[in-house]
Number of protein chains: 2
Amino acid sequence: MARGGAEDPDHGVELLWRETGEEPRQGLSAGRIVRAAVELADAEGLEGLSMRKVAERLGFTTMSLYRHVPGREQLLDLMLDAVRGERPLPTGGDGWRARLEACARDGWELRRRHPWVAEVRGSRRLPGPNAIAYYDHMLGAVAGTGLAPAQMIAAVNLVGRFVDAEALTLVETARLERSSGVSEQEWWGARDSLYQRLDRFPTLTALWEAGGYDRPEDSFEFGLARVLDGIEALIDRQRDEMGDETSGESSGAPCRVCGRPVDRPTSGRPRVYCSRACQQRAYRRRQDG
Amino acid sequence: MARGGAEDPDHGVELLWRETGEEPRQGLSAGRIVRAAVELADAEGLEGLSMRKVAERLGFTTMSLYRHVPGREQLLDLMLDAVRGERPLPTGGDGWRARLEACARDGWELRRRHPWVAEVRGSRRLPGPNAIAYYDHMLGAVAGTGLAPAQMIAAVNLVGRFVDAEALTLVETARLERSSGVSEQEWWGARDSLYQRLDRFPTLTALWEAGGYDRPEDSFEFGLARVLDGIEALIDRQRDEMGDETSGESSGAPCRVCGRPVDRPTSGRPRVYCSRACQQRAYRRRQDG
DNA sequence: ATATCTTGTGTACACCATAAACAGAAAAGA
DNA sequence: TCTTTTCTGTTTATGGTGTACACAAGATAT
């Protein structure tokens, strides 16, 4: 069997999308390794997650893991998808904003329970079924907003990356607080040698004296509200433009591919697709199916 | 001399804020180490930056570096401040938005020239004079917008973290492209084993067929516009509320501490500070000075 | 019974940051 | 000028990482 090693991404895909449940009575298995790794990462963070320690926790040798998991990177992929499947998809309220916000808060909650999730980096991370379901769910939140397809994707990615970035800064402080035993406040509070050099920076000093650093805004709440506001502004703007363009002229059936309104020419055959791109898409779709 | 080792942050502060220019004729110095490290990180990324390689590049032994720099982490602090001093502060156009956007684009450009900047993580990074000047400059961009001090700080932090997060994803793809020799497009394009499992996800499939992934939005441009829109929405909203609250009632001198409008009571002594917090601030200021 | 596949083991390698003790030179003090 | 201290660079050693490779025992198929 062509069981590709660490170099073969398709093996990783098979592992991620395998039907679970066929766990052997005894011995190792991918599922058991993943569970042990998640426990370990929960307890010690991502930098504390080593193949040696996972193996020790299971009572096997280090290299035995490689019989079931291609390598550490692929193990991380499996862990990510595993924790995403722990809870059902967030059922938000009405409207795109409430639903997208619910997704963001759910992602935030996930990273609170498993802080290492935010530390897992790298493009080329293969998504598993749970990650894709989540992603699809987020995309569904902004469907029907009038945004172009690429804009929907960008909006969802923006929210996702925001949550991730925010969680990453949080877990970094937490890690230092645990490893050093000194809280963030204490540590920065003791940096007098730094503060005494900040006098000659006017705005910073003014804000300091105005108490801006005494009761800071909640970084996640503030940022999430701004990002959603920004997306809302885009949606409103485009809806307005759309209304102006097509007022009294279009208002026929929407584009069969992307659902956006279609310009209707005053004379000639009525258009079915909103753009040449959508026309091509539909064509290829007919060819493939 | 109490030359604290790696455990002493104050030593790091001294190094960061030292007057440069007193470079010895020969031998090592913090400045030379930092320059060599920046060159190395530019060429090989942050994971390729090891004390060994820096020392080799300078023709000394590994441990010789520790006579001038407390450790790798502190070297990173020094590197960050060094590259931030390479170019003058961005002189944006008029208005807070143009200036804040100029800062964001400048930060983006910095990370394009030195991709490893985005990879340097961890709270408790000591800022040097250049970093503080930059931060002060960004804060100055949103001064006078009517935002509360903590909101100004949060807004600037949001933009900064956005740029950093965006740059981080970019450098991660670049690193993989270089180490593997396969471009991101090629790699994802070869993942048929993944795509064939995505049919049962409706929104994702619809957006795929609508061409949303063929011409994606520029992630940085899209996100920056949304974030700035979001901040603008907050500013506008607060300005409106402020106008309603104080119309025909305030419009006296602004708060002496933070500059925001002050509610003027209909009877009694006119207020000088906008809030009890600002009053306390001013009091402490008088005590200290 | 023989061959093949699966699973777990032990060894080995090339890295990494940095602690500790040491050696020579330069500078300061007597 | 002689001695003592300080500065600067070196050498050696420790404990950690992921994983390639060769090997061995058991299960399964032919």
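Chain letters run A, B, ... following the sequence lines, proteins first, then strands; residues in each count from 1.
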**Item:** Nucleotide C:dA25, atom P - distance to CG of B:L28 in whole Å
**Value:** 17 Å
**Prompt:** What residues in residues 39-49 of chain B put a non-hydrogen atom under 4.0 Å from any atom of DNA chain C?
**Reply:** B:L49
**Message:** Any side-chain to backbone donor/acceptor pair from B:Y135 onto A:L204? Under 3.5 Å, distance only.
**Reply:** no
**Prompt:** Within the side chain of B:R72, is there an N or O that forms a donor-acceptor pair under 3.5 Å with the backbone of B:L49?
**Reply:** yes
**Prompt:** Taking only side-chain nitrogens and oxygens of B:R72, does any of them come within less than 4.0 Å of OP1 or OP2 of C:dA17?
**Reply:** yes
**Complete:** Residue set satisfying side chain to side chain donor-acceptor pair (under 3.5 Å) with B:D164, at least two apart, ordered chain then number -> B:R111, B:R121
Please table the atom pairs, donor to acceptor, closer than 3.5 Å between any side-chain atom in residues 57-64 of chain B and protein atoms at least two apart or in another chain.
| unit_1 | atom_1 | unit_2 | atom_2 | d |
| --- | --- | --- | --- | --- |
| B:R57 | NH1 | B:E39 | OE1 | 3.0 |
| B:S64 | OG | B:T61 | O | 2.5 |

**Asked** Contacts to DNA chain C from residues 51-65 of chain A, heavy-atom cutoff under 4.0 Å, which residues?
**Response** A:F60, A:T61, A:M63, A:S64
**Request:** Please identify each residue that fulfils ring pair (Phe, Tyr, Trp, His ring centres under 6.0 Å) with A:H137, with sequence neighbours left out.
**Result:** none
**Request:** Give a yes/no answer on whether the side chain of A:H68 brings an N or O atom under 4.0 Å of OP1 or OP2 in C:dG8.
**Result:** yes
**Fill in**
Rounded to whole Å, the OH-P distance (A:Y66 to D:dA20) equals 7 Å
**Item:** Heavy-atom pair of closest approach, residues B:G223 and A:L158
**Value:** CA-CD1, 3.8 Å
**Set of side-chain contact (heavy atoms from CB on, under 4.5 Å) partners for A:L110, sequence neighbours left out** = A:V83, A:R84, A:H114
**Asked** Which class fits the ring pair B:Y195 and B:W208: parallel under 30°, tilted 30 to 60°, perpendicular over 60°?
**Response** tilted
**Request:** Provide, to the nearest angstrom, the distance between the CZ atom belonging to A:R67 and the P atom belonging to D:dA25.
**Result:** 15 Å
